[in-house]
Amino acid sequence: MFHMHTNFHLKKGVTLQTFRARWEPFMSHLIAQDLVVSASPIAGRRTDTGLDTDEERDHTFFVIMSFRDRAQSEAAWDEIEPRKQPTDKLHRAVFALVRDPIFTCWEDEPVG
């Protein structure tokens, strides 16, 4: 599988409930369009453990989107990047609530 991990903060005044109310319809849409296999629940970062060693970032939340393969992830990008509707409206509704997002991707199979 191919995965995208997103770290983010919510913008000032945005509640987790508001974010969730926009995130869930966006993910449901992507799943229904066969552009994503699944998405993790919205998770909170825990820095109060020695296991968290990232001192460069202080992001509060994260989500993981999982794709069947790289081709499916590229199909999702091809839907989002040119701002196709209704995907763009749903994406922008979510993206408008976050600040300082960081996106990382990986595959279950090692590269090389």
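Note on Leu16: it clusters hydrophobically with Leu97, by side-chain heavy-atom contacts below 4.5 Å among ILVMFWY residues. Using a 4.5 Å cut-off between side-chain heavy atoms of Ile, Leu, Val, Met, Phe, Trp and Tyr, with links allowed through other members, Phe62 and Phe19 fall into different hydrophobic clusters.
In this structure, Met65 and Thr6 have side chains that are not in contact, with every pair of non-hydrogen atoms separated by 4.5 Å or more.
With rounding to the nearest 0.5 angstrom, the OG atom of Ser28 is 9.5 Å from the CG atom of Leu90. Atom CD of Glu56 and atom CD1 of Ile102 lie 9.0 Å apart (nearest 0.5 Å). In this structure, CG in Asp100 is found 8.0 Å from CG in Asp58, a value given to the nearest 0.5 Å.
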For residues 20-27, run the donor-acceptor check on the side chains, cut-off 3.5 Å, and write out each pair with its distance to 0.1 Å, sequence neighbours left out.
from	atom 1	to	atom 2	distance (Å)
Arg22	NH1	Ala93	O	2.9

If you look only at distance, which donor and acceptor atoms sit under 3.5 Å apart when one is on a side chain in residues 30-48 and the other is two or more places apart or in another chain?
from	atom 1	to	atom 2	distance (Å)
Asp34	OD1	Arg68	NH1	3.2
Asp34	OD1	Gln72	NE2	3.3
Asp34	OD2	Arg68	NH2	3.1
Ser40	OG	Ile64	N	2.8
Arg45	NE	Asp52	OD2	2.7
Arg45	NH1	Arg57	O	2.8
Arg45	NH2	Asp52	OD1	2.6
Arg45	NH2	Asp52	OD2	3.2
Arg45	NH2	Asp54	O	3.0
Arg46	NE	Asp48	OD1	3.2
Arg46	NH2	Asp48	OD1	3.1
Arg46	NH2	Asp48	OD2	2.4

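Aromatic ring centres of Phe103 and Phe8 lie farther apart than the 6.0 Å criterion allows. Aromatic ring centres of His3 and Phe67 lie farther apart than the 6.0 Å criterion allows.
In terms of the side chain to side chain contact (heavy atoms under 4.5 Å, CB included) criterion, residue partners of Lys89 (sequence neighbours excluded) are, by chain and number, Gln85. Taking the side chain to side chain donor-acceptor pair (under 3.5 Å) definition, one finds that Arg70 meets it with Glu74, sequence neighbours left out. With sequence neighbours left out, the side chain to side chain contact (heavy atoms under 4.5 Å, CB included) criterion links Thr60 to His9.
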| query | Between Asp69 and Met1, is a side-chain contact (heavy atoms from CB on, under 4.5 Å) present by the stated rule, with each step listed? | reply | CA-CA 5 Å; Asp69 52 25; Met1 290 189 83; over 6 Å; no

| query | Under the side-chain contact (heavy atoms from CB on, under 4.5 Å) criterion, do Arg92 and Val94 qualify, and how do the steps go? | reply | CA-CA 5 Å; Arg92 288 178 173 277; Val94 170; over 6 Å; no

| task | Could you please spell out the steps behind the side-chain contact (heavy atoms from CB on, under 4.5 Å) verdict for Cys105 and Phe2? | result | CA-CA 7 Å; Cys105 294; Phe2 192 84; 3.7 Å; yes

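Within the structure, the side chain to side chain donor-acceptor pair (under 3.5 Å) test picks out the following pairs touching residues 75-84 (sequence neighbours left out): Glu79-Thr87.
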